[in-house]
Amino acid sequence: MPQLPAPAYPAEVRARLEADAKEVIARYPGSRSALLPLLHLVQSEEGYVSRTGMAFCAELLGLTTAEVTAVATFYTMYRRRPSGDYQVGVCTNTLCAVMGGDAIFDRLKDHLGVGNDETTEDGKVTLEHIECNAACDFAPVVMVNWEFFDNQTPESATQLVDDLIAGRTVEPTRGAPLCSYKETARILAGFPDERPGAVQATGGAGPASLIGLKLAKGEATAQPRVVGPRGEAPRDEPHKGAEHLSSHDAPQQTSASDPDHPAGPAAEEGE
């Protein structure tokens with residue numbers, strides 16, 4: 001059945017959003033390039049991208065609502081229905097799943113009484129499984145409003161959501177202090193995070209992410225450590241294969257670099 005036109009924002013809300021939207025649009029040589037941050041902007045107002053928000057974006061950018069809808073439905077960071085104050089995403093991609101991501105997701109579904117992409121009755125937490133967060137060296141990873149909580153277990157993840165629901169302060173493993181989903185959306189729209197110390201706290205990659213780069217540059221001098229079972233401290237023992245160089249570590253003899261052993265013509269099968 002055809003839908004009625006989307007209701008308009010209240011006058012005071014529209015005036016505020018329009019002022020912000022004009023600031024965003026002014027950053028781009030072509031107005032339609034501002035669509036992604038504008039979708040984050042309207043999401044910061046309602047906690048999701050509503051039909052009203054899409055109509056607002058279409059009007060300001062001279063687009064059709066179909067064009068805006070096509071973008072809003074393509075990217076998973078745009079919510080299409082009301083969601084919780086905290087978006088709890090459990091990575092269930094390959095490595096995180098093997099390391100316990102599937103177990104964490106199943107535990108949280110049972111503990112919260114919700115399924116994938118569903119919100120608790122109090123409106124606090126929306127749970128979803130998400131694809132790779134590019135943090136495989138900290139697997140399994142849980143994200144809350146796109147902030148990292150690394151090396152999680154079913155028990156630690158359960159405590160995390162309980163703390164969120166109870167209003168207790170939780171600290172991400174790395175990155176800026178946690179804020180609400182609406183506040184996160186406004187930051188993603190391109191507006192500064194004005195919380196004291198938030199920008200300075202964002203930090204960079206962790207040691208587990210940088211060790212490969214250091215090895216490639218020859219900056220890592222310590223012998224690799226053998227990683228013990230979960231919960232045990234790493235043992236300071238050299239890896240049995242540590243002396244073997246891969247093609248990423250040092251140049252190897254090849255037919256092109258070793259004239260004494262040139263590669264001959266490829267033989268036909270059976271010869």
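Keep in mind that the numbers below use all heavy atoms, side chains included, and drop hydrogens, waters and symmetry copies.
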Quick note, side-chain hydrogen bond (donor to acceptor under 3.5 Å, both in side chains) partners involving residues 186-197, not counting sequence neighbours, are Asp20-Arg186, Asp193-Arg195
For [X] against [Y], the heavy-atom pair lying closest together:
X      : Y      : answer
Met54  : Ala72  : SD-CB, 3.8 Å
Asn151 : Ala139 : OD1-O, 3.6 Å
Gly101 : Pro140 : N-CB, 3.8 Å
Ala135 : Val141 : O-CG2, 3.6 Å
Asp122 : Thr120 : OD1-OG1, 2.6 Å
Pro82  : Thr119 : O-OG1, 4.1 Å

| message | Please evaluate residues Ser180 and Glu183 with respect to the criterion side-chain hydrogen bond (donor to acceptor under 3.5 Å, both in side chains), reporting the C-alpha separation (whole Å), side-chain torsions for both, the decisive distance (0.1 Å), and the verdict. | response | CA-CA 5 Å; Ser180 72; Glu183 291 170 324; 3.2 Å; yes
Indicate yes or no: at least one non-hydrogen side-chain atom of [X] is less than 4.5 angstrom from one of [Y].
X      : Y      : answer
Phe149 : Ser156 : no
Val170 : Val144 : no
Gln43  : Val49  : yes
Ile211 : Asp137 : no
Arg32  : Glu67  : yes
Tyr9   : Val42  : yes
Tyr75  : Leu39  : no
Met77  : Leu188 : yes

Give me the one residue out of Thr92, Thr158, Val90 that meets side chain to side chain contact (heavy atoms under 4.5 Å, CB included) with Ile104.
->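 Testing Ile104 for a side chain to side chain contact (heavy atoms under 4.5 Å, CB included) against Thr92, Thr158, Val90 leaves exactly one candidate, Val90.
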Let me see the working for Asn116 and Glu128 under side-chain hydrogen bond (donor to acceptor under 3.5 Å, both in side chains), right down to the final yes or no.
CA-CA 5 Å; Asn116 180 52; Glu128 67 173 347; over 6 Å; no
Regarding Glu18 and Lys22, does a basic nitrogen lie under 4.0 Å from an acidic carboxylate oxygen? yes
- Task: Indicate yes or no: does Glu59 engage Arg14 in a salt bridge with an N to O separation below 4.0 Å.
- Result: yes
Is a side-chain donor or acceptor of [X] paired with a backbone partner of [Y] at a separation under 3.5 angstrom?
X      : Y      : answer
Ser31  : Ile25  : no
Thr126 : Gly84  : yes
Asp150 : Thr173 : no
Asn145 : Asp85  : yes

Common cluster, [X]/[Y], ILVMFWY with side-chain heavy-atom separation under 4.5 Å:
X      : Y      : result
Tyr181 : Val88  : no
Phe74  : Tyr48  : no
Ile187 : Phe191 : no
Trp146 : Leu178 : no
Val98  : Val142 : no

Parallel, tilted or perpendicular, as decided by the 30° and 60° cut-offs, for the rings of His40 and Tyr78:
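Tyr78 vs His40 ring planes: tilted.
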| request: Check step by step if side chain to side chain contact (heavy atoms under 4.5 Å, CB included) holds for Ile165 and Tyr86. | output: CA-CA 9 Å; Ile165 291 172; Tyr86 299 101; over 6 Å; no
Between [atom1] of [X] and [atom2] of [Y], what distance do you get to the nearest 0.5 Å?
X      : Y      : atom1 : atom2 : result
Cys91  : Met99  : SG    : CE    : 12.0 Å
Leu17  : Cys57  : CG    : SG    : 9.0 Å
Gln152 : Gln159 : CD    : CD    : 11.0 Å
Leu127 : Ser83  : CG    : OG    : 12.5 Å
Tyr28  : Leu36  : OH    : CG    : 7.5 Å
Thr52  : Glu46  : OG1   : CD    : 6.0 Å

Could you walk me through whether Val114 and Leu108 pass the side chain to side chain contact (heavy atoms under 4.5 Å, CB included) test, one step at a time? CA-CA 8 Å; Val114 297; Leu108 292 184; over 6 Å; no
Step through the shown structure and confirm whether more than 12 heavy atoms of other residues, nucleotides or ligands are within 6.0 Å of CZ on Arg16.
-> yes
task = Using the salt bridge (charged side-chain N to carboxylate O under 4.0 Å, His left out) rule, take Glu155 and Arg107 through it: C-alpha gap first, then chi angles, then the decisive distance, then the call.
result = CA-CA 9 Å; Glu155 292 73 26; Arg107 173 74 67 85; 3.3 Å; yes
Six-ring centre of Phe138, Arg174 cation under 6.0 angstrom, axis tolerance 45°: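 Yes, Arg174 lies over the aromatic ring of Phe138.
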* Would you please test Lys217 and Leu213 for side chain to side chain contact (heavy atoms under 4.5 Å, CB included) and show each step? => CA-CA 6 Å; Lys217 291 182 176 180; Leu213 180 62; 3.8 Å; yes
Only one of Arg79, Arg80, Lys109 passes salt bridge (Lys or Arg N to Asp or Glu O under 4.0 Å) with Asp117, and that residue is Arg79
Quiz item: Taking atom types as modelled, is there a side-chain donor on Asp102 or His129 under 3.5 Å from an acceptor on the other?
Solution: no
